Amino acid sequence: MVKKPLAKRLFGFSFKRMGKLLLGMAVVLLLLYWWYPLQIDLVQRRPAHPLPVIPPEQIGLVAKGNRVLVITAHPDDEGYYLCGTLTMLKHAGAKVQIVVCTNGDKGFWPFVNSAAIAKNRQKEMREACRRYGTLEPIFLGFRDGRLHADQEVIGKLVDQIKAFKPGYIICFDSDYPPRMSHSDHRASGYAAAKAAEEAQFSGWLMRFNTFGPNTAIDVGKYWDEAVLGIEAHASQYGERLEMVKFSAGNNTYDVGERFGMSQGEQFRAVKMGP
Ligand SMILES: [Zn+2]
């Protein structure tokens with residue numbers, strides 16, 4: 001009598017079959033990564049101790065005449081994470097410039113024509129900026145989903161900082177990002193902070209999408225208007241639009257509760273320079 005292989009006796013199928021299964025899973029994971037390059041930390045990164053809260057009045061972001069440079073990865077990031085703050089800045093009379101590191105040529109399903117997707121997303125981004133009352137957005141034009149915080153990206157951001165001379169820089173937090181987040185988000189945040197350093201930026205560096213918040217901007221007053229910024233990115237959300245708006249709103253209530261305001265958007269703020 002022919003004995004069955006050990007693996008088949010133990011697990012019910014052979015190593016060869018198991019190998020094929022693992023290979024299949026690896027291919028699926030690779031495709032998923034290609035589609036949405038997530039970066040995953042095994043453990044959530046956050047400061048060892050909660051950071052001392054800095055009252056927003058001490059930072060003074062929302063005020064007339066402030067020059068605010070916002071650096072994001074994709075043409076739509078500002079909507080979900082910052083629409084409230086941007087709308088507050090608009091009503092305060094601040095001067096805001098948004099710089100988007102990628103051209104947005106990936107977007108979401110279906111990826112029929114990446115050039116057309118990039119064009120449409122940039123058009124939506126310009127419309128969003130019109131609604132926030134900011135300057136025309138600047139696109140650095142790097143490939144969506146393939147952003148690396150290399151010297152080329154950092155150098156271009158240094159140029160933007162030197163040209164705009166902001167008192168505030170707002171960017172993704174690459175030190176304490178969510179455990180799972182888009183690698184472009186982290187790369188843009190890292191490059192922005194590095195560029196601030198290289199440009200000898202003097203002012204507040206305010207990082208959003210953070211697990212180490214120490215301040216928040218009260219965004220309750222114009223929230224209904226703020227979500228118009230999210231709506232401008234219709235091609236990214238489609239039927240999910242209401243859900244996305246609801247989720248963004250919910251976050252602001254959570255942050256508001258944490259920082260003692262009605263609705264808030266949170267940041268990790270650090271003062272740089274003299
Ligand atoms: Zn994004």
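We count ligands from 1, going down the list as the structure has it; atoms in each ligand are counted the same way. No experiment lies behind these values; they were computed from the predicted model shown. Only this structure's heavy atoms are used, side chains among them; waters, hydrogens and symmetry mates stay out.
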**Request:** State which residue, out of Arg186, Arg46, Arg268, fulfils the side chain to side chain contact (heavy atoms under 4.5 Å, CB included) condition with Asp175.
**Result:**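 With Asp175 as partner, side chain to side chain contact (heavy atoms under 4.5 Å, CB included) holds for just one option, Arg268.
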
**Prompt:** In Asp77, the N, O or S atom nearest to the Zn ion (ligand 1) is which?
**Reply:** OD1

**Prompt:** When you measure from the Zn ion (ligand 1) to each N, O or S atom of His74, which atom gives the shortest distance?
**Reply:**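 Of the nitrogen, oxygen and sulfur atoms in His74, the Zn ion (ligand 1) lies nearest to ND1.
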
**Request:** Establish, from distance only, whether the side-chain atoms of Gln122 and Glu127 form a donor-acceptor pair under 3.5 Å.
**Result:** no

**Message:** Looking at the Zn ion (ligand 1), is there an N, O or S atom belonging to His182 that lies under 2.8 Å away from it?
**Reply:** no

**Message:** Ring-plane angle category for Phe172 and Tyr81, please: parallel below 30°, perpendicular beyond 60°, tilted otherwise.
**Reply:**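 The rings of Phe172 and Tyr81 stand perpendicular, inter-plane angle above 60°.
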
**Asked** Which atom names give the shortest non-hydrogen contact between Gly220 and Ser262, and what distance separates them?
**Response** CA-OG, 3.8 Å

